[in-house]
Amino acid sequence: MSFDAIIRGGTVVTAADTFACDVGIRDGKITALGNDLGPATTIIDATDRLVLPGGIDSHVHFAQPSGDGIVMADGFASGTRSAAFGGNTTVLPFCLQEKGQTLREALKHYHSLADGECHVDVAFHLIVTDPTEHVLGQELPALVEDGYTSLKVFMTYEGLALSDRELLETMSVARETGAMLMVHAENFDAIRFLTDRLERAGNTAPRFHAASRPIPVEREATHRAISLSELVDVPIMIVHVSNREAMDEIRRAQQRGLRVMGETCPQYLMLTEKDLDQLNMEGAKYVCSPPPRDVASQQACWEGLQQKVFSVFSSDHCPFRYDDPKGKLAPKGRTSFRWVPNGIPGVATRLPILFSEGVVKGRIDLNSFVAFSATNHAKIYGLYPRKGTIAVGSDADIALWDPKRKVTIRHELIHDGSDYTPYEGLEVTGWPVLTMVRGKVVVDDGTLVGSKEHGTYLPRAKPPAGATIP
Ligand code: URP
Ligand code: ZN
Ligand code: ZN
């Protein structure tokens, strides 16, 4: 048997094991693991490299409408390109249903934006903002059967927030259909109350974004989302958890046997609300929700990873250009933090940050790194074992890492559509030096060698019913 490619001489790491072996690849799949595999068209030398499953980022936003003339900095081409530079081989962006739109209309639009524009593989989560009888009774069940097996609901944001009744109705459909439900947990009324009060006092600079969404706002909504999901008996994923109190709500739910999962993100490990407090509008670069908190909250999020309260580590990549009237410096945003577009870029920096701050600094082990960055995403969102591991029969989605390479993060390394990275100047150890999607190298030592036609859309299975949460 001959191979299209053999990755030779590296150390293969999965969520479970670490072992020295070669990886044989044919027709985009891993077809052999072993030594002396024989001939291949291409030999990739992996001496001194780690051979990891390509990253799966299950929380990214591309080309999402943001209102008021604001334009997201990444469409599918630049977003997936940046993902590939960061060692990712699959991303799961959101398909946002706008009010009055059907889910099918929304999906048609996102597919038209994504088709032929993706450097890595892509699947869509649905965002349900208008849970009409038609949407919940007919569209959603049919779409879950068609492979759109996860959806996100919001407890905040104008035009997106669902009432408790709507949350319950949507949760019931997730339970009946077996879809995975992601929840953005912040209390909308509390945020509006605090924002109005801050504005009346003239406190409108970006740093007041953090004061408008303090920890109790997130803790209360997390508790409420868990309670509602308990009423319906449906598994949920609380996304972008930023602090100990919200994390403890999830932990308590898990201890009570509820299937409640959690996600955290690089911004909650690396940034604090002090980053929002800068001269002029610089703080706008760090406006995201929930906001970055403090050093104790960072420590809590690390504990959430170490103690496996969190199952996944995602970027929540939601990029806006900084120096741009359609981005962070939109005229309305200068009048109040309320209007600064929410979200920061991070799809390319997610994995180097977790590797360097987590593995190299001894906070998590390499197998946990793989679980948080790829395997658990695949398991929870219905892509495993095609994606998220290195095994015979899986797609040859692989990232080669140089675990010793020291890199200073600069925006020019990111290759996205934004004009900044929140992590400019951060020194990391460990870097993805080659990214392969279904057997094809797409990024090789800092050079894009793939094309935006290579990435494919992935219909997904339902998450395994009643399975133990990874
Ligand atoms: O600020 C954020 N997180 N923007 C992205 C939208 C979301 O809530 O995930
Ligand atoms: Zn969110
Ligand atoms: Zn998000």
Side-chain angles (χ1 to χ4, degrees), residues 57-68 70-74 79 83 91-98 110 124-129 150-162 167 170 180-188 191 195 206 209-210 212-213 217-218 221-222 224-225 236-243 246 261-271 273 275-276 283-293 301 310 312-322 327-328 330 333 337-347 349-350 377 381 416 418 422:
D57 194 340
S58 60
H59 190 151
V60 301
H61 303 263
F62 300 148
Q64 203 172 291
S66 307
D68 275 340
I70 302 295
V71 177
M72 205 163 260
D74 280 319
V91 291
L92 283 84
F94 293 90
C95 163
L96 170 72
Q97 176 202 25
E98 296 188 70
Y110 278 85
F124 291 111
H125 306 293
L126 302 165
I127 294 179
V128 177
T129 63
S150 52
L151 55 144
K152 183 177 178 189
V153 289
F154 284 85
M155 297 171 82
T156 188
Y157 291 138
E158 206 69 56
L160 303 184
L162 301 189
L167 288 170
T170 310
M180 179 53 60
L181 190 88
M182 308 160 82
V183 184
H184 179 127
E186 288 184 295
N187 180 315
F188 190 29
I191 293 167
T195 300
H209 173 73
S212 74
R213 318 170 91 97
V217 163
E218 186 182 341
T222 303
R224 183 157 38 101
I236 55 169
M237 166 71 73
I238 306 286
V239 293
H240 44 49
V241 177
S242 72
N243 68 88
M261 286 164 276
E263 169 200 83
T264 193
C265 313
Q267 48 271 39
Y268 306 118
L269 302 180
M270 302 306 293
L271 305 177
E273 63 181 313
D275 290 296
L276 290 158
K285 288 181 176 173
Y286 307 92
V287 167
C288 60
S289 296
R293 309 283 184 191
C301 289
F310 300 136
V312 286
F313 185 73
S314 310
S315 69
D316 193 6
H317 178 83
C318 186
F320 300 96
R321 289 172 58 80
Y322 171 66
K328 295 283 189 182
F337 63 84
R338 184 200 290 261
W339 306 113
V340 173
N342 268 234
I344 61 175
V347 73
T349 42
R350 172 184 75 122
H377 301 253
Y381 296 112
D416 64 356
S418 189

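Numbering of ligands and ligand atoms starts at 1, following listing order. FYI, the numbering just counts along the sequence from 1.
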Atom 1 (O) of ligand 1 - nearest protein heavy atom and its distance: S289 N, 2.8 Å
With a heavy-atom distance limit of 4.0 Å, tell me whether D316 approaches ligand 1 through its side chain, its backbone, both, or neither. side chain
Would you call the rings of H240 and H59 parallel, tilted or perpendicular, taking 30° and 60° as the class edges? tilted
Measure the distance from atom 4 (N) of ligand 1 to every protein heavy atom, then report the residue, atom name and distance (to 0.1 Å) of the closest one. N342 O, 3.3 Å
When distances are taken from atom 7 (C) of ligand 1, the protein heavy atom at minimum range is K152 NZ, 3.4 Å
Output the distance between atom CE (M155) and atom CG (L160), rounded to the nearest 0.5 Å. 13.5 Å
Over 60° means perpendicular and under 30° means parallel, so classify the ring planes of F94 and H125, tilted if in between. tilted
Counting backbone and side chain alike, does H61 bring an N/O/S atom below 2.8 Å of the Zn ion (ligand 3)? yes
Between the CD atom in E186 and the CD1 atom in I191, the distance rounded to the nearest 0.5 Å is 4.0 Å
So which N/O/S atom does H240 have closest to the Zn ion (ligand 2)? NE2
Looking at Q64 and M72, what are the two nearest heavy atoms and their distance? N-SD, 3.4 Å
Numbered atoms of ligand 1 (with element) below 4.0 Å of C288, judged on heavy atoms: 1 (O)
Would you please determine whether F94 falls within less than 4.0 Å of ligand 1 on a heavy-atom basis? no
Given side chains that start at C-beta, do those of E263 and F310 come closer than 4.5 Å, heavy atoms only? no
Can you tell me the angle formed at the Zn ion (ligand 2) by ND1 of H184 and NZ of K152, to 10°? 130°
Within the 4.0 Å heavy-atom shell around H59, which atoms of ligand 1 are there? 9 (O)
What one should report as the nearest heavy-atom pair of Y157 and R213 is CE2-NH2, 3.7 Å
To the nearest 0.5 Å, tell me how far F154 CZ sits from H184 NE2. 6.5 Å
Atom name of the N, O or S atom in D316 that lies nearest to the Zn ion (ligand 3): OD1
Going by heavy atoms, is Q64 under 4.0 Å from ligand 1? no
Is any N, O or S atom of H59 under 2.8 Å away from the Zn ion (ligand 3)? yes
Just checking, any donor-acceptor pair under 3.5 angstrom between side chains of D57 and H317? no
Looking at atom 8 (O) of ligand 1, what's its closest protein heavy atom, distance included? H184 ND1, 2.8 Å
Between V153 and V128, what is the shortest heavy-atom contact and its length? CG1-O, 4.4 Å
Relative to ligand 1, is C318 under 4.0 angstrom through side chain, backbone, both or neither, heavy atoms considered? side chain
